[in-house]
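Note sheet for the following structure.
All ligand and atom numbering here is 1-based and tracks the order in the structure.
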Amino acid sequence: MGHLLVTGGAGFIGANFVHHVLEHTDHTVTVLDKLTYAGNRENLTTADPARCDLVVGDVADAGVVGDLVPAADAVVHFAAESHNDNSLRDPEPFLRTNVVGTYTLLEAARRHGTRFHHVSTDEVFGDLALEDPQRFTAETPYRPSSPYSATKAASDHLVRAWARSFGLEVTLSNCSNNYGPYQHVEKFIPRQITNVLTGRRPKLYGAGANVRDWIHVADHSAAVLRILESGRPGRTYLIGADGEADNLTVLRAILRLLGQPEDAFDHVTDRPGHDRRYAIDGSRTREELGWEPRYTDFTVGLADTIAWYTEHRDWWEPVKAATEASYGRTGQ
Ligand code: NAD
Ligand code: DAU
């Protein structure tokens, strides 16, 4: 493969992926990242500068993208506006980055015949009822609920259209909820960990019955690399680790691991249109690629994640108060 252009590589999953690639392959990497509030150049400080450089720029900027794509053997596209609550407050950046940004990259990849891997989410399938025995498969129809998931669905459709209409060599992956190091404190698990660490009470939306299907980010990174190495062109791979848990159960586990009483949290205003349950059937991906998650015990992954946030206060403390103030404005 050689040289990868990794968009969004200064964000949570992108940075974990870059470190995984540098550790497990000989590839070199250029990260293209706008360094929005969610991107942080410190996420890449331990990356070998001889093999990894960061270009600060916008995936929707055809000039920047046109300069970088020709040098790449493959584009791995993580960059996105990624937070549902933000998309409810202001959808516009989601359309620009997730839709126009993906289109801009696809056009450059088409001009240069560059392999393209698109990183997407299980949220494109909408939600499942709590008691529904089904899980999402690659055949599940698209039914996105939020502005975020609608823009991710749009980007998936663009990628498939560029494959069919222009013969672009693409693969796609739709993954479930990630957790682990470098995740912004706006997201559920790091928000609750850092609330406890700063003496705030954790905040649970509604009754906490909503179910998410958790996967450690290290397992997601390994799966994406496996798809790049041996995925079949045109294919969609669902990535999940059989990690279904309702939010109340996850919050109680965090409180327990931090030595707090299990009822030491607040119920706050629910998210409008809140998806009830996500669940991935990743069996086809596992069978075809021989990939298996290594974090099979969620409590172990959670304990590692709590240790990381405890040891890296300087990474998240500068943005904690502002993130909570922003939630406070919507009663969350
Ligand atoms: P994140 O918000 O932590 O990081 C996004 C990164 O993209 C940031 O570094 C940001 O600066 C960058 N970025 C945003 N707009 C940009 C633009 N216009 N140009 C260049 N860079 C830009 O997101 P994440 O949680 O790491 O998610 C990464 C990808 O994985 C997204 O495509 C998301 O949809 C997908 N995904 C996330 C999850 C999850 O649980 N977090 C699960 C499945 C799929
Ligand atoms: O399923 C994959 C998706 O997972 C990704 O595509 C998204 O980029 C990623 O943000 C994530 O989306 P969610 O909306 O599921 O994640 P979030 O961390 O925002 O919330 C997880 C659950 O926790 C959800 O049911 C809402 C709830 N929640 C969230 C926050 C921030 C709370 O109860 N309290 C909170 O404070």
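Taking distance alone, with nitrogen or oxygen atoms compared against 3.5 Å, R191 approaches ligand 2 more closely than that limit. Below 3.5 Å of separation, one finds no N or O of C175 facing any N or O of ligand 2. Between S82 and ligand 2, at least one N/O pair is under 3.5 Å apart.
Summarising the geometry of H27 relative to L4, their closest heavy-atom pair is CD2-CD1, 4.3 Å, with the distance given to 0.1 Å.
Y182 and F12 have their aromatic ring centers separated by at least 6.0 angstrom. Side-chain rings of H216 and Y179 approach one another, their centers coming within less than 6.0 Å.
When hydrogens are left out, the protein atom nearest atom 19 (O) of ligand 2 is R271 NH2, 2.9 Å; that is the closest non-hydrogen contact. Protein heavy atom closest to atom 11 (C) of ligand 2, with residue, atom name and distance, is N177 ND2, 3.4 Å.
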> Taking it one step at a time, do H117 and S173 satisfy side chain to side chain donor-acceptor pair (under 3.5 Å)?
Replying inline: CA-CA 8 Å; H117 180 73; S173 53; 2.8 Å; yes
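Taking 4.0 Å as the cut-off between side-chain N and carboxylate O, R294 and D219 do not count as a salt-bridged pair. Under a 4.0 Å N-O distance rule, the pair E262/R256 qualifies as a salt bridge. Taking a cutoff of 4.0 Å between a charged side-chain nitrogen and a carboxylate oxygen, R143 and D127 qualify as a salt bridge. The residues E131 and R276 are annotated as not salt-bridged, no charged nitrogen and carboxylate oxygen being separated by less than 4.0 angstrom. Using a cut-off of 4.0 Å between Lys/Arg side-chain N and Asp/Glu carboxylate O, R277 and D122 are scored as not salt-bridged.
Contacts of ligand 1 (protein heavy-atom distance under 4.0 Å) are G8, A10, G11, F12, I13, D33, K34, L35, T36, A38, G39, G57, D58, V59, F78, A79, A80, S82, T97, V119, S120, T121, Y148, K152, C175, S176, N177, N178.
Atoms of ligand 2 found under 4.0 Å from any heavy atom of Q192 (numbered from 1 in listed order, with element): 34 (N), 35 (C), 36 (O). Heavy-atom proximity to L204, at under 4.0 Å, picks out these atoms of ligand 2: 33 (O). Below 4.0 Å from some heavy atom of T121 lie the following atoms of ligand 2, by number and element: 1 (O), 2 (C), 3 (C), 5 (C), 6 (O). The atoms of ligand 2 that sit less than 4.0 Å from any heavy atom of H83 are 19 (O). Atom numbering of ligand 2 starts at 1 in the shown order; those under 4.0 Å from a heavy atom of D122 are 1 (O), 2 (C). Atoms of ligand 2 lying under 4.0 Å from at least one heavy atom of Y148, given by number and element, are 5 (C), 6 (O), 7 (C), 8 (O). Within ligand 2, the atoms closer than 4.0 Å to a non-hydrogen atom of Y327 are 31 (C), numbered from 1 in the order shown.
For the pair S230 (side chain) and I227 (backbone), a donor-acceptor distance under 3.5 Å is absent.
For residues 225-257, there are no ring pair (Phe, Tyr, Trp, His ring centres under 6.0 Å) pairs, not counting sequence neighbours.
By the criterion of a heavy-atom distance under 4.0 Å, neither the backbone nor the side chain of Q332 is placed next to ligand 2. Residue-level proximity to ligand 2 for N247 is carried by the side chain, the only part with a heavy atom below 4.0 angstrom.
In this structure, K152 falls outside the shell of residues with a heavy atom less than 4.0 angstrom from ligand 2.
There is a path of hydrophobic side-chain contacts, each under 4.5 Å, that joins F17 to W214.
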